[in-house]
Number of protein chains: 2
Amino acid sequence: MATINDVATKAGVSTATASRALNGKSTVDPKLAERVLAAAAELGYQPNGPARNLRRQETAVLALIISDVENPFFTSIARGVEDVAQAVGYSVVLCNSDENPEKERRYIDVAIQERVAGVVLSPTGTTTNVDLLTARSTPLVAVDRPLQDAAADMVLVDTRSAAKEATAHLISQGYRQIGCITGPAGVQTADDRLAGYKDALRAAKRRTSAKLTRRAEYRADGAYAAAIDLLSDSDRPDALLVANSTMAIGVLEALSKLDLRLGTDVGVVAFDDAPWAPLVNPPLSVVSQPAYDIGKVAAQLLMARITDSSLPYTTTTLQATLITRGSSVR
Amino acid sequence: MATINDVATKAGVSTATASRALNGKSTVDPKLAERVLAAAAELGYQPNGPARNLRRQETAVLALIISDVENPFFTSIARGVEDVAQAVGYSVVLCNSDENPEKERRYIDVAIQERVAGVVLSPTGTTTNVDLLTARSTPLVAVDRPLQDAAADMVLVDTRSAAKEATAHLISQGYRQIGCITGPAGVQTADDRLAGYKDALRAAKRRTSAKLTRRAEYRADGAYAAAIDLLSDSDRPDALLVANSTMAIGVLEALSKLDLRLGTDVGVVAFDDAPWAPLVNPPLSVVSQPAYDIGKVAAQLLMARITDSSLPYTTTTLQATLITRGSSVR
DNA sequence: GTGAAAGCGCTAACAA
DNA sequence: TTGTTAGCGCTTTCAC
């Protein structure tokens, strides 16, 4: 493994000059610079990242800790973060906390230990402890879910009013008993979507009933069980607001299992416009969240704060849009 | 930022002892060790990763370079890799090459510069240059797609015979004109699936015709265009083998656009058992690849080679399984 | 514009 | 069992 010393020797200059040339500093004789570059190429020189990072006390790496790599919503965020980071020469390391606070904590530790330049985090809970990050003043942006009074920028979606709008849409389509399947209590997006659902019922002077709402992990299987439970009742709901697209899969499976027709027997609107949503029969109505933009904005905020740590903390709230398709029409 | 020196001072020992205690070496007096640990906790000590990596000349990090984060097939692989790595205390950084050889090269550079312990790569092409890795003897495992005579383990899927089996299934179901939509030439999985398709036609003494096959990027939009093109012909195919699940989305959109009924008008079998596959109407028949296991095996091979670099290179070929559902039945 | 030299924080000889 | 010390590869003063 050629080091910068080897390159310097080969080019007949000091390591200092080699370093300057390799980093494109202007204060170096073009002839020398060329010799250094040539030597580096010839030796197949690759800078030693750890050494550089140690010396510089900083890295050009962002950590992106998301709660579920297998959820298209989060991978879209990842794309947004990555595109911004790439453009300014930063790398992104993706860590999957799997909705597991323990794993999340481990990855935060790793991020600190590797001295990453900044962290984008979709917290597993509002109580996620980011003090370690704050203590070392590692820039942090929370996405999708807010963090209780943390020193961090946040990029959120106005998911409560989106849920309200979606529910109001179901009401306007003539569904009478509208239920809701949402995520675990304490997960802000889950609570917000449930709240928005209730907002709409209240606005329409409908009674809300605990019998019509279910909570489950943000996964297909939990949603499947919840849907079976909800829809097996004789007084079953005739429409459902579903809190994300993985859950929607479980709900649609339940419908099919119970021989209930989507749209006709049970209207459905689900959060997240998964690529397959238009393909089911009838096509699935969704609340489309601007996932890519969330990632993009988050990365921009992070880069800005890396450059200038004195910036005030901001919360950006993006809008979601209701896309009505056949599944919410009688 | 407390350093190990601060911890040592606070505990009243030398840095060496502090280091040993922190790393759980047995050769240290339990009393002292305890004092060190207490001091570390009190100071909120977090080891400096770059310094440690520089000194140790190794990192407990694996790089996983995949060609599409938004494809469930690859995220399943990621889960497999991650689970194995976690279990032995390694971190995984996920890099998205986006089927772009340029990005792929950049990430390989990053992996080398950060001196990762090993790389799992789904190469964008067979010609992907991994010489840099080989030169520094960084352990490498290629997944999904083979690498031409590279010093690497490989974990592949017998996708050619799976394609043959899927096509034979379509033939047995009475489809007469079977077409194929596959990925770009030069991408081994794309070529293999096409070859398997032809194998089956040949075995059934059917003529193969270039008019029935199309190539496109492994994306929904490309497959959509290809399907529209293929199915608009008066002599259109009455069944299609589709090379992955993102493409399947495009194909199903095309079917719907052209008002052709899945299964009845056009039988379809697609690669990859996406979570939504059972939900379309009729449910989509698929070739299910053991993605999670690919990742798991790859990580195990990598860990083994990190431990013992003299191991012979192996190629593991896993089987795919045909899951027939309604979309391939008349 | 260039070089000599210090030092980032850590681990691992080597000595005691 | 513990401490002293060198040095991983790099960047960056500082002096010239």
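Computation of the quantities below employed the complete heavy-atom set of this structure, encompassing side-chain atoms and omitting hydrogens, waters and symmetry-equivalent molecules. Residue numbers start from 1 in every chain, and the chains themselves are labelled A, B, ... in the order their sequence lines are given, proteins ahead of strands.
Under the 3.5 Å distance criterion, with hydrogens and angles disregarded, a donor-acceptor pair is assigned to the side chains of Y218(A) and T189(A).
In this view, T75(B) satisfies the side chain to side chain donor-acceptor pair (under 3.5 Å) rule with no residue, not counting sequence neighbours. For Y45(A), there are no side chain to side chain donor-acceptor pair (under 3.5 Å) partners, not counting sequence neighbours.
R55(A) has its CZ atom 16 Å from the P atom of dC10(C), to the nearest Å. One interatomic measurement links the two molecules: CD1 of I4(A) to C1' of dA5(C), which rounds to 15 Å at whole-angstrom precision. Counting to the nearest Å, the C1' atom of dG9(C) and the CG atom of L43(B) are 15 Å from each other. dT11(C) atom C1' lies 8 Å from atom NZ of K25(B), rounded to whole Å. Between N5(A) atom CG and dA5(C) atom P the separation is 13 Å, expressed in whole Å. One atom, CG of N23(B), and another, P of dT11(C), lie 5 Å apart when rounded to the nearest Å. For the pair Y45(B) OH and dC10(C) C1', the computed distance is 7 Å after rounding to whole Å. Rounded to whole Å, the distance from CG on L54(B) to P on dT11(C) is 11 Å.
Summarising the local packing, CD of E217(B) is surrounded by 12 or fewer heavy atoms from other residues, nucleotides or ligands at distances under 6.0 Å.
Contact annotation: Q57(A) side-chain N/O to dG9(C) OP1/OP2 distance is under 4.0 Å. Residue S19(B) places none of its side-chain N or O atoms closer than 4.0 Å to OP1 or OP2 of dC10(C).
Taking a cutoff of 4.0 Å between a charged side-chain nitrogen and a carboxylate oxygen, D6(B) and K10(B) do not qualify as a salt bridge. Ionic pairing of D68(B) and K103(B) is not present here: no N-O contact between side-chain nitrogen and carboxylate oxygen is shorter than 4.0 angstrom.
R20(A) contributes no side-chain N or O that, together with a main-chain N or O of K25(A), makes up a donor-acceptor pair within less than 3.5 Å. Judged by distance alone, the side chain of E104(B) and the main-chain N or O of T124(B) form a donor-acceptor pair under 3.5 Å. The closest donor-acceptor contact from the side chain of N96(B) to the backbone of V69(B) lies under 3.5 Å.
Note on the helix from dG1(C)-dC16(D) to dA16(C)-dT1(D): angle between the axes of the first and last five pairs equals 40°, rounded to 10 degrees.
Judged as a side-chain hydrogen bond (donor to acceptor under 3.5 Å, both in side chains), the pairs with a partner in residues 291-309 of chain A (not counting sequence neighbours) are, in order, D83(A)-Y292(A), D153(A)-R305(A), D308(A)-S310(A).
Here CD of Q86(B) is found 4.5 Å from CZ of R106(A). Values are rounded to the nearest 0.5 Å.
Residues I4(A) and S19(A) share a closest heavy-atom pair of CD1-CA, 3.5 Å.
Among the heavy atoms of the strands, none lies under 4.0 Å from N53(B). Counting any heavy atom pair closer than 4.0 Å across all strands shown, P50(B) reaches no nucleic acid atom.
The footprint of chain B on DNA chain D, defined by a heavy-atom cutoff below 4.0 Å, extends from dT1(D) to dG9(D).
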Polar-atom pairs under 3.5 Å, protein N or O versus N or O of nucleotides 2-4 of chain C: list them with distances, or write none.
unit_1: dT2(C); atom_1: OP2; unit_2: D29(A); atom_2: N; d: 2.6
unit_1: dG3(C); atom_1: OP2; unit_2: S14(A); atom_2: N; d: 3.0
unit_1: dG3(C); atom_1: OP2; unit_2: S14(A); atom_2: OG; d: 3.1
unit_1: dG3(C); atom_1: OP2; unit_2: T17(A); atom_2: OG1; d: 2.6
unit_1: dG3(C); atom_1: N7; unit_2: R20(A); atom_2: NH2; d: 2.7
unit_1: dG3(C); atom_1: O6; unit_2: R20(A); atom_2: NH1; d: 3.4

